[in-house]
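Every chain is numbered from 1 and lettered A, B, ... according to where its sequence line falls, protein lines coming before strand lines.
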Number of protein chains: 2
Amino acid sequence: MKLTTKGRYAVVAMLFLERNSGIKPVTLSEISDSEGISLSYLEQLFIKLRRKGLIKSVRGPGGGYVLAKPAAEISVAAVMLAAGEQFDFCCQGNTHKDGERCFTHKLWDGLRNVILKYLESVRLNQLNDPDLDISWCVCIDSTDKLSGAIKDEH
Amino acid sequence: MKLTTKGRYAVVAMLFLERNSGIKPVTLSEISDSEGISLSYLEQLFIKLRRKGLIKSVRGPGGGYVLAKPAAEISVAAVMLAAGEQFDFCCQGNTHKDGERCFTHKLWDGLRNVILKYLESVRLNQLNDPDLDISWCVCIDSTDKLSGAIKDEH
DNA sequence: TATATACCCGACCATTTTAATAGGGTATTA
DNA sequence: TAATACCCTATTAAAATGGTCGGGTATATA
């Protein structure tokens, strides 16, 4: 069970954007230099983030990217899903034998819920605050469903 | 973010072991035939499970494997960790530039906690019960640490 | 004791996935 | 009008995974 760099780079880049949100938009070159992520790779990533409405682009000289909304309104889950990180654990691409029950289906489904709920509860502004403790998990019961935006991705 | 077959096969095989726990031990051939998992691959897997004390082997004709303890005492987390499934999301193999703070470290660490806590809360006997709802997550606060066995794996 | 059954073990290979590159564009503003 | 910066597709190299292969060793029954 591993994270792909897609999701990790997306979070790292978004955090950089927040920390450097000043007068000028942040260019991809700056992020590439600071975080050691390939420029072309960043470009591919930022297209997705922009299309999901998480960032805004400013073209022309002096242009770059800025967050589209306050960091407190952007969850880690939203960033990772926008980047294309997958969270499907059950029966990946495999079909079951005719009508056979999948004993583990509910397990993986529950796992996905738990993960997304946690990532949804953490916002970008929390990560740039070294003193904040985010090692906990919110309570979840079966009636406490995921938010619409995240559920739609499924 | 994906599961490897290691973890999934381990859970599937352990469940099969539980469902077919009768007079005779279960042979790997039976599991291989029923679940469509390569025999050699199962052998490699079961060595690990045995060494972690989750199953017991019976050699000779009529031999096979049985659960080493009641299914209610075996968590999914224990099975997956025994199988070698990894749960490290932070800085995988990458070192940071000198002394630089890792802003996302706590995030991935918290994610790991949440995942393991959930998998630890689900026991094998629950999975073979179709009516049980396991899509919830137990409450976790910072003082509620992981059990020793699982923590040691880290 | 012989032999069938079943577990044990290390090395190896093929496929898939991922991470990253390359290169050619288009829009915008100083 | 030229520099800057974003946009897009196709391709490739490396890593990880999933699985095979062949040769063992232990045990229990006949």
Side-chain angles (χ1 to χ4, degrees), chain A residues 1-13 17 20 23-33 35-52 54-66 68 80 83-89 91-94, chain B residues 1-13 17 20 23-33 35-52 54-66 68 80 83-89 91-94:
Chain A
M1 197 167 184
K2 288 186 1 186
L3 272 177
T4 64
T5 54
K6 261 190 228 159
R8 190 165 36 228
Y9 281 178
V11 173
V12 166
L17 226 56
N20 297 84
I23 300 164
K24 287 175 57 179
V26 179
T27 68
L28 293 189
S29 305
E30 294 175 65
I31 302 178
S32 174
D33 291 345
E35 305 290 344
I37 306 172
S38 146
L39 183 61
S40 294
Y41 206 48
L42 276 176
E43 288 184 348
Q44 296 170 39
L45 183 59
F46 272 59
I47 289 170
K48 295 179 196 162
L49 295 175
R50 190 179 61 82
R51 286 182 179 158
K52 291 290 180 180
L54 298 179
I55 56 178
K56 280 187 289 195
S57 65
V58 180
R59 312 186 86 156
Y65 288 99
V66 291
M80 296 183 72
E85 184 77 54
Q86 301 280 321
F87 294 95
D88 288 317
F89 304 116
C91 333
Q92 294 156 333
N94 305 329
Chain B
M1 196 165 186
K2 286 185 3 184
L3 272 178
T4 64
T5 54
K6 262 190 227 159
R8 190 165 37 226
Y9 282 177
V11 173
V12 166
L17 227 55
N20 297 85
I23 301 164
K24 288 177 57 180
V26 179
T27 68
L28 293 188
S29 304
E30 294 175 65
I31 303 177
S32 174
D33 291 344
E35 305 290 344
I37 307 173
S38 146
L39 183 61
S40 295
Y41 206 48
L42 276 177
E43 288 184 347
Q44 297 170 39
L45 183 60
F46 273 58
I47 290 171
K48 295 178 195 161
L49 295 174
R50 191 180 60 83
R51 287 183 179 155
K52 292 289 180 181
L54 298 178
I55 56 177
K56 281 187 290 195
S57 65
V58 180
R59 312 185 87 153
Y65 288 99
V66 291
M80 296 182 74
E85 184 76 55
Q86 302 280 320
F87 294 95
D88 289 316
F89 305 117
C91 331
Q92 294 156 333
N94 305 328

field: Between C1' of D:dA16 and CE of B:Met1, the distance in whole Å
entry: 17 Å
Rounded distance in Å - CG (A:Leu3) to C1' (C:dA19): 15 Å
- request: Rounded to the nearest angstrom, tell me the gap between atom CD in B:Glu85 and atom P in D:dT17.
  value: 9 Å
- prompt: Rounding to a whole Å, what distance do you find between A:Leu45:CG and D:dC6:P?
  reply: 13 Å
query: Whole Å only: how far is the NZ atom of A:Lys24 from the P atom of D:dT4?
result: 11 Å
- line: From OH of B:Tyr41 across to C1' of D:dG22 the rounded distance in Å is 19 Å
- request: Give the minimum heavy-atom separation between A:Leu28 and A:Glu43, together with the two atoms involved.
  value: CD1-CG, 3.5 Å
- prompt: When you look at A:Met80 and B:Met1, which way does the side chain to side chain contact (heavy atoms under 4.5 Å, CB included) test go after all the steps?
  reply: CA-CA 10 Å; A:Met80 296 183 72; B:Met1 196 165 186; 5.5 Å; no
message: Side-chain N or O of B:Thr4 versus OP1/OP2 of D:dT17: is the shortest distance under 4.0 Å?
response: no
- request: Could you grab the distance from atom CD of A:Gln44 to atom CG of A:Leu39, nearest 0.5 Å is fine?
  value: 10.5 Å
- prompt: Hey, does the side chain of A:Tyr9 come within less than 4.0 Å of C:dA20's phosphate (OP1/OP2), counting only N and O?
  reply: yes
Value rounded to 0.5 Å, distance of NZ in A:Lys56 from CG in A:Leu49: 15.0 Å
- request: Give a yes/no on whether any side-chain N or O of B:Ser38 is located under 4.0 angstrom from OP1 or OP2 of D:dT20.
  value: yes
message: Show the nearest heavy-atom pair for residues B:Ser38 and B:Ser32, with the distance to one decimal.
response: C-OG, 4.2 Å
- line: Heavy atoms of B:Pro25 and B:Gly63 approach each other most closely as CB-C, 3.9 Å
statement: d(B:Thr4 OG1, A:Lys2 NZ) to nearest 0.5 Å is 10.0 Å
Pairs under 3.5 Å (N/O, protein and nucleotides 3-6 of chain C):
none

message: Quick one: does any side-chain atom of B:Ser57 pair with a main-chain N or O of B:Tyr65 as donor and acceptor, under 3.5 Å?
response: no
- request: May I have the distance from B:Lys6 (atom NZ) to D:dG18 (atom C1'), rounded to whole angstrom?
  value: 10 Å
field: Candidates B:Val58, B:Ile31, B:Val66 - the one meeting side-chain contact (heavy atoms from CB on, under 4.5 Å) with B:Val26
entry: B:Ile31
- line: Here the distance between atom C1' of D:dG18 and atom CZ of B:Arg8, to the nearest Å, is 12 Å
When you compare the protein's N or O atoms with those of nucleotides 9-17 of chain C, which come within less than 3.5 Å of each other, and at what distance?
residue	atom	partner	partner atom	Å
C:dC9	OP2	B:Arg51	NH2	2.5
C:dC9	N4	B:Glu43	OE1	3.4

